[in-house]
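Report on the following structure.
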Amino acid sequence: MIYKLVNIKTIIQSIVTDLGISNEEIPWQDFVQWIARGLEHIGTYSQLHLKEEEIEIEDYKGKLPCDLYKIKRILNGWYFDKYNDSLVGDKDDTTERKDQVNSTKFSNYDYRVNLDTITCSYRSGTLTIQYLAFPVDEQGLPLVPDNVSFTEALFWKVAYQLAIRGYAFKNPQMRDINFCKQKWNHYCLQARAEANMPDPELASRMANNFIKLIPSRNEWNNMFSTLGDKENLNLNGKF
């Protein structure tokens, strides 16, 4: 499990210290890019930030957030409807006759994502999405899970990239690209496993998912809020 995040500058300083690189040799922008790519490659759910955003829909299309990594769920969508006639969703009409706006929820399947654009079944309105994003600080730099496995994995990610550039490490073994790549692959898997390992509370909720006599098939409708609840039966065998 991941509980805390640290600034990327802390990770870079740790890497620089371990590699024995002087301040003049530090390609800061490259380090940030390599670490960001390393975090994306590890890609566990617990290292991501759950966000919600309302998107304006015009001409059936809306712009997705720039920090979106994966869409988790479409929460709701509302379109402007005038008298339910052929002018449904017309931009000019909805601007002039806001008193005639009707709020209508649509199903989670009435949308399509194409690159950085989401397309809906109505011309004008709003759409609220729930999505996963990589957490960043106030400067837009990625935050890193405060976990030793992540620190070690990102160290070898940077070392691997430096080895590709032909950096003259003091340790000759680290000049071997394959050696650094193997280390990165090993610790990448370790960091992913460490992040996915449940704590006792989560393990208990996960166990409750599999010991129910009658599992619910509609958990999606309530955002899985009761998925880990214990099943209680009375003496008559009823809930």
Side-chain angles (χ1 to χ4, degrees), residues 1-21 30-52 67-73 130-137 140-165 167 169 171 173-212 215-216 219-220 223-230:
M1 291 290 293
I2 301 299
Y3 296 104
K4 297 189 300 180
L5 300 171
V6 296
N7 193 286
I8 194 174
K9 295 178 182 178
T10 304
I11 301 299
I12 292 178
Q13 187 58 52
S14 174
I15 294 174
V16 168
T17 301
D18 292 343
L19 290 177
I21 301 177
D30 295 340
F31 273 34
V32 171
Q33 181 180 1
W34 294 337
I35 291 175
R37 283 162 50 187
L39 289 173
E40 186 174 3
H41 194 83
I42 295 172
T44 62
Y45 182 89
S46 58
Q47 77 183 72
L48 301 171
H49 180 43
L50 183 63
K51 301 178 68 175
E52 292 181 11
D67 62 343
L68 182 144
Y69 176 62
K70 287 184 179 180
I71 294 179
K72 183 178 181 182
R73 183 170 182 172
Q130 189 177 69
Y131 67 97
L132 298 174
F134 283 95
V136 296
D137 60 15
L141 298 176
L143 294 171
V144 181
D146 187 11
N147 180 278
V148 65
S149 296
F150 274 80
T151 302
E152 198 71 17
L154 296 175
F155 167 86
W156 285 107
K157 172 63 176 176
V158 171
Y160 170 54
Q161 297 296 146
L162 289 174
I164 292 177
R165 286 190 175 181
Y167 182 81
F169 290 106
N171 184 348
Q173 192 175 22
M174 295 188 64
R175 300 173 191 172
D176 184 352
I177 297 176
N178 291 327
F179 172 78
C180 292
K181 184 177 181 179
Q182 290 174 1
K183 287 290 187 179
W184 152 242
N185 289 336
H186 171 78
Y187 284 104
C188 175
L189 294 176
Q190 178 175 302
R192 186 179 302 154
E194 183 73 18
N196 290 333
M197 179 63 65
D199 56 15
E201 173 65 22
L202 180 57
S204 177
R205 290 178 57 84
M206 292 175 63
N208 289 334
N209 299 341
F210 297 99
I211 61 177
K212 294 181 179 180
S216 174
E219 290 289 347
W220 177 262
M223 294 292 293
F224 303 96
S225 60
T226 61
L227 189 63
D229 291 352
K230 186 177 180 180

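Note that the structure is predicted; figures quoted are calculated from it, not measured.
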Could you check whether any side-chain N or O of R73 sits under 3.5 Å from a backbone N or O of Q130, counting only pairs where one atom can act as donor and the other as acceptor? no

In Å and rounded to the nearest 0.5 Å, what is the NZ to CD1 distance from K181 to I164? 8.0 Å

Within the supplied structure, the quantity of interest is the number of heavy atoms (other residues, nucleotides, ligands) at a distance under 6.0 Å from M197 CE; does it exceed 12? no

Hey, does W156 have a side-chain heavy atom less than 4.5 Å from the side chain of C180? yes

Taking ring-ring contact (aromatic ring centres under 6.0 Å, His included) as the definition, give me every residue that meets it alongside F134, ordered by chain and number, with sequence neighbours left out. Y69

Looking at the rings of F179 and W184, which for Trp means the six-membered one, are their centres under 6.0 Å apart? no

Rounded to the nearest 0.5 Å, how far apart are CD1 of I11 and CZ of F150? 10.5 Å

Does a side-chain heavy-atom distance below 4.5 Å link N7 with D137? yes

So, applying side-chain contact (heavy atoms from CB on, under 4.5 Å) with K51, which one of D67, L68, L132 is it? D67

Side-chain donor/acceptor pairs under 3.5 Å, residues 31-47, sequence neighbours excluded:
unit_1, atom_1, unit_2, atom_2, d
T44, OG1, Q47, OE1, 3.1
Y45, OH, K72, NZ, 3.1
S46, OG, A195, O, 3.1
Q47, OE1, T44, N, 3.2
Q47, NE2, L39, O, 3.0

dist N147:CG -> Q190:CD (nearest 0.5 Å) comes out at 8.5 Å

Do L162 and I21 come within less than 4.5 Å of each other through their side chains, counting heavy atoms only? yes

May I have the step-by-step check of side-chain contact (heavy atoms from CB on, under 4.5 Å) for I12 and V16, ending in yes or no? CA-CA 6 Å; I12 292 178; V16 168; 4.1 Å; yes

Straight-line distance of R175 CZ to Y167 OH, nearest 0.5 Å: 10.0 Å

Taken to the nearest 0.5 Å, the spacing of K157 NZ from I15 CD1 works out to 11.5 Å

With rounding to the nearest 0.5 Å, note down the distance linking CG in N171 to CG in D176. 10.5 Å

K9-Q13 side chain donor-acceptor pair, cut-off 3.5 Å: no

Could you pull out the closest heavy-atom pair between L5 and P135, with the gap in Å? CD1-CG, 3.6 Å

